[in-house]
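Here the structure comes first, spelled out in structure tokens, and everything after it is commentary.
Just so we're on the same page: letters track the sequence lines, and every chain starts at 1.
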Amino acid sequence: MTKFNADAWGEKLLRKFAGGSSRRSMLTRMGAALVAAPAFPLLPVSRAEAAKPDRSPEAKTVFARSAQTKDETKCDYWRYCAIDGALCTCCGGGIHSCPPGAEPSPVSWVGTCINPDDGKAYLIAYRDCCGKPACGQCGCDNTDRETQLYMPQLNNDVIWCFGTTSMEYHCSTAVLVGAAS
Amino acid sequence: MTKFNADAWGEKLLRKFAGGSSRRSMLTRMGAALVAAPAFPLLPVSRAEAAKPDRSPEAKTVFARSAQTKDETKCDYWRYCAIDGALCTCCGGGIHSCPPGAEPSPVSWVGTCINPDDGKAYLIAYRDCCGKPACGQCGCDNTDRETQLYMPQLNNDVIWCFGTTSMEYHCSTAVLVGAAS
Amino acid sequence: MSRNSRRIFAAFSLGYALFAGAVMAQAADAPADLTPEESDVMTIDPPKPTWFYVDGGWDMPGTSIFDGETGKMKGMVETRRLADMAIDPNGQYYYVAETIWSKGDRGTRQDMVTVYDSKTLNLVTEIPLPGRILIGSRKNNFIVSDDGKTAFVYDFSPTSGVNIVDLTKKKFTAAIELPGCASLMPNPGVGFSALCSDGSMATVAVKGTKGDITHTAPFFDATNDPIFDNFAYDRAKKQATFLTYTGQIYTAQISASPTVAAPFSIQAAAGIRPGETKPLETNWLPGGRQPMAVHRATGMMFVLMHMGEYWTHKESGTEVWQVDVAAKKVVKRFKLKDPMNNIAVSQTDKPLLYMNGEKGEALVIDVATGEEKHKIEKAGGSTITIADPL
Amino acid sequence: MSRNSRRIFAAFSLGYALFAGAVMAQAADAPADLTPEESDVMTIDPPKPTWFYVDGGWDMPGTSIFDGETGKMKGMVETRRLADMAIDPNGQYYYVAETIWSKGDRGTRQDMVTVYDSKTLNLVTEIPLPGRILIGSRKNNFIVSDDGKTAFVYDFSPTSGVNIVDLTKKKFTAAIELPGCASLMPNPGVGFSALCSDGSMATVAVKGTKGDITHTAPFFDATNDPIFDNFAYDRAKKQATFLTYTGQIYTAQISASPTVAAPFSIQAAAGIRPGETKPLETNWLPGGRQPMAVHRATGMMFVLMHMGEYWTHKESGTEVWQVDVAAKKVVKRFKLKDPMNNIAVSQTDKPLLYMNGEKGEALVIDVATGEEKHKIEKAGGSTITIADPL
């Protein structure tokens, strides 16, 4: 039996996609677009709602009603509405930056979170940082619109470390990808 | 550089010692004697005290004064005076038996514990059961006459899994080896 | 200690050879009636209907076997982080689908089904796989067919597929693509079924190394009211029981063309208003990682319930609701001292509920009396499996 | 979701190729001023004197780097269970002595020193070793020479020895037997020294692949009043500070022929009766896993102390006693809210105490004021290392 190597496979596809540049540099350039990708099954829903999005307090989840925009190291920071895991902002990384030595996954699950400052919904890509042991700091598990495994791009339990050199989970970032409506 | 394999080395010595029988069957026959072995630096001390052992309450440690002889699944069972780890009696094993699938180490650290029923001191070999993940049940850390790493046979932090097929620590037994005085 | 004894210690460090002599001298000091004990290794029975298996989850790399009657640990099956365990319905083996890197979290990736003998818990063999999903706390990513002959291993790389293992020959036989679906259940004589992102159920008729995929009509809303993927499958009735986030209960008859019955609301079955997806509607809702279990013989379903708004589906339950599925009635509500996250029920005449929560404490509750029979500390915080021998 | 969207999802599962187009469509919906963020990776500074490193121990396979001033985590060095970390005095590398089986806890054993770049925390290389001891919570089983050129790795198999690594050439150079001794300290220009079971200190003059071992006269009782093997070594003064279970404090001048000064009692230094080995004598005693630390510039020693009888040497401290070692005086006693098990001190002008306990919470205390500067939850429960660049 030949061994299927998910990492090699991911990298091959990514290299092809990036025209032969190195995976890391390609990732830097393409990362946001690639990672947001699994979100597109959301599009029909987002668009259906886009006609007249209801962002009133009555339409907001518990999380959205109490979210804040000041402190990225707390579970109630607005972008974390569907995050699960350790916040990279507490692990030596940033809101869209992996801690030193970790590697962002080019694909991710996504969330649609409301920014309380403008009341608008945004698409957030929860890119896992991979290749180091679990950071242990600031563990959060928020579940707005989080679904089950048959809809993996909306499930926050999957280890989203594909195309990285190691699939060890270190922490999660919350990358702003675009407006959701 | 050739790879030194501690397990193979241990097994070779053990096989030689056992006249070529299988490690497991040799272990069953020789186990007690082998495991007690590291205790011998205790002998001068034990013998010095043997002349007139003082087993009065005033000579007993905190552990010895409150030890019991009925329940082998509790940290205060008399034989556990220097045990560190999970009690195999809580993990599907027994006081001198490894749980299924685990393997007793042929060498161990030792303790000298007082049985409150007869007031006598006994030599206890704390044989680790190896080759399965930490059992997690009944964690104890008793430290009567427990010393530091330069005297390893009296140190209860060392992973005492030598000559076993895996050095993963599962739990610890407390094997009665002999009278200490 | 004298210089002399240091030299003895030096000799000790040269090997085992000197030990025996020293111990013999020691043993000579012992009373005549004191026989040094010998070390041995226990064996256990094959899986029994009153046994339950608690996965240690992220923190403990083993699945502990407990006897629900006595509360005693019987042994442990090695299940590293993100491994899935399944029990041979014939009782001969424990199977672990696992992923191991050759240097911990670096080096070469190795996916396999590892086979353990159920009596000795010794490793029998490893069956290499082309891959598997990495996720925790899921019952339905590694399932064994009702006759024990075939294992199905869900893969996500991130293409979605199923790897099939012949457990008789102990080898991987086929990789089948399963786009848009996951969360497997056996489909005897056919292959397997799964839930899909369009709200349908897929059925894969396995023929050799090929899979022929058909779908039911969509029957649930995978985006707005998903079915918990830790659902229950009943081997005897060939029936699956599904539960959604709002509390809708579906039963599905598994066959080459599965049929799904109209759902009912667990809240309505308890005489209160049904769960809703709207915010600000606080109600009793199902939640947890493994929020439900079904007792086959009586058709009783047990659901972890909590008070909250919608999208709190991972929240631990503060009550267990016992539902007579056929009668569509909640017949009993058990209040829990500590919130619980996973639930299972023994398939015995006098069913026992097994639960655990974030703290990793396992609870055994007698369904008939509601009495707490056992509370086991540090049992493990993840999935609970029950023994259900043929 | 419609059938149509399920087909889209099926396409998704075929690979990445389709993703970008879909996202571009998505991005087109965004306001003009909203630029999608890109993912990147941080780097950090080389080790700083205010940084401390907390080993996650048995439960967390990493050593977290914290800044003592801000209390913030800077990064993590991978240290699997029973690994030992050491810091390059030149600040360029982190070294991890570790043991990895090729299949988790089965397969082939691999012992190595793994080298990480201190700025990127990327793996630089692995240096294979013939073996090392498996034990947790020890500072002195893996030490680096003061010039950063040589590492010494203690081995116990169960023969006692030291494996020497040339860190410049990044290769293993020699295995030296060390019967009856362990717990290493650098011995600049000579090799290394160690404590022995006969109560002496051994000094190993390393010449190529050979070691010439000499011993001091025995000066402590390794059976009845052992020296904690997590002692302190001062690079500047070439001095080791030792602490025994009863509370005797020794200083040793490290050279080809080390000399040990007469000890004094920490309790006497605080004006109370000295510790004793006898039962029923409750007194303040040192205890913990890493019970002491020394601030080099001021010659202040910090000791975790608890009330108890003898043989409670692993018990966490409820106070920290600050000892002026030269003056043989306890100059300050810090009361702790929670008992602490490990202690370290920064080698800065304004020293900070770093501590943690069984709960894995790390504490930063300002020595001058006694003020608690930071409390970090889930920092890790094992050994604390400080950065002490040349």
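- B/Q148 and D/H313 form no side-chain donor-acceptor contact under 3.5 Å, judged by distance and modelled atom types alone.
- Checking side-chain atoms of B/S166 against main-chain N and O of D/R106 turns up no donor-acceptor pair under 3.5 Å.
- The candidate from B/I159, B/T61, B/T143 with the greatest count of non-hydrogen atom pairs under 4.5 Å with chain D is B/T143.
- The part of D/L82 that comes within reach of chain B is its side chain, from C-beta onward, which places non-hydrogen atoms under 4.5 angstrom from that chain.
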Determine whether B/D157 and D/R289 satisfy the following criterion, salt bridge (Lys or Arg N to Asp or Glu O under 4.0 Å), listing intermediate values before the conclusion.
CA-CA 10 Å; B/D157 290 332; D/R289 298 299 176 123; 3.3 Å; yes
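- Here D/W311 contributes atom CH2 and B/D144 contributes atom CG; the two are 8.0 Å apart, rounded to the nearest 0.5 Å.
- With chain B as partner, the option from D/T277, D/D225, D/L134, D/T312 having the largest number of non-hydrogen pairs under 4.5 angstrom is D/L134.
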List the steps and the verdict of side-chain contact (heavy atoms from CB on, under 4.5 Å) for B/M167 and D/W101.
CA-CA 9 Å; B/M167 283 189 71; D/W101 271 261; 3.6 Å; yes
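- Residue contact with chain D, scored on non-hydrogen atoms closer than 4.5 Å, involves the side chain of B/D141 exclusively.
- Proximity to chain B (any heavy atom under 4.5 Å) is restricted, for D/I133, to the side chain, taken from C-beta onward.
- When heavy atoms are compared at a cutoff of 4.5 Å, D/N140 does not approach chain B at all.
- When each of D/R138, D/R81, D/K171 is checked for heavy-atom pairs under 4.5 Å with chain B, D/R138 comes out on top.
- Taken from CZ in D/F156 to CZ in B/F162, the straight-line distance is 5.0 Å, to the nearest 0.5 Å.
- With respect to chain B, the highest number of heavy-atom pairs below 4.5 Å among D/S137, D/G308, D/G104, D/P279 belongs to D/P279.
- Across B/L149 and D/S183, no two heavy atoms sit closer than the pair CB-OG, 4.1 Å.
- Note: D/D229 CG to B/M151 CE = 12.5 Å, rounded to the nearest 0.5 Å.
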Under the criterion side-chain contact (heavy atoms from CB on, under 4.5 Å), I'd like the reasoning laid out for B/R145 against D/T223: C-alpha separation, chi angles, the key distance, then a yes or no.
CA-CA 7 Å; B/R145 290 166 287 281; D/T223 306; over 6 Å; no
Output, in order, the C-alpha distance, side-chain angles, deciding distance and verdict of salt bridge (Lys or Arg N to Asp or Glu O under 4.0 Å) for B/K60 and D/E309.
CA-CA 11 Å; B/K60 285 179 177 172; D/E309 290 185 44; over 6 Å; no
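- Residues D/F220 and B/Y150 place their aromatic rings such that the two centres sit under 6.0 Å apart.
- Residue-level contacts of residues 81-94 of chain B with chain D, in order of numbering, are B/D84; threshold 4.5 Å between heavy atoms.
- A distance of 12.0 Å separates OG1 of B/T147 from CD1 of D/I227, quoted to the nearest 0.5 Å.
- The part of D/Y245 that comes within reach of chain B is its side chain, from C-beta onward, which places non-hydrogen atoms under 4.5 angstrom from that chain.
- For the 3.5 Å distance criterion, the side chains of B/N156 and D/K314 qualify, holding a donor opposite an acceptor.
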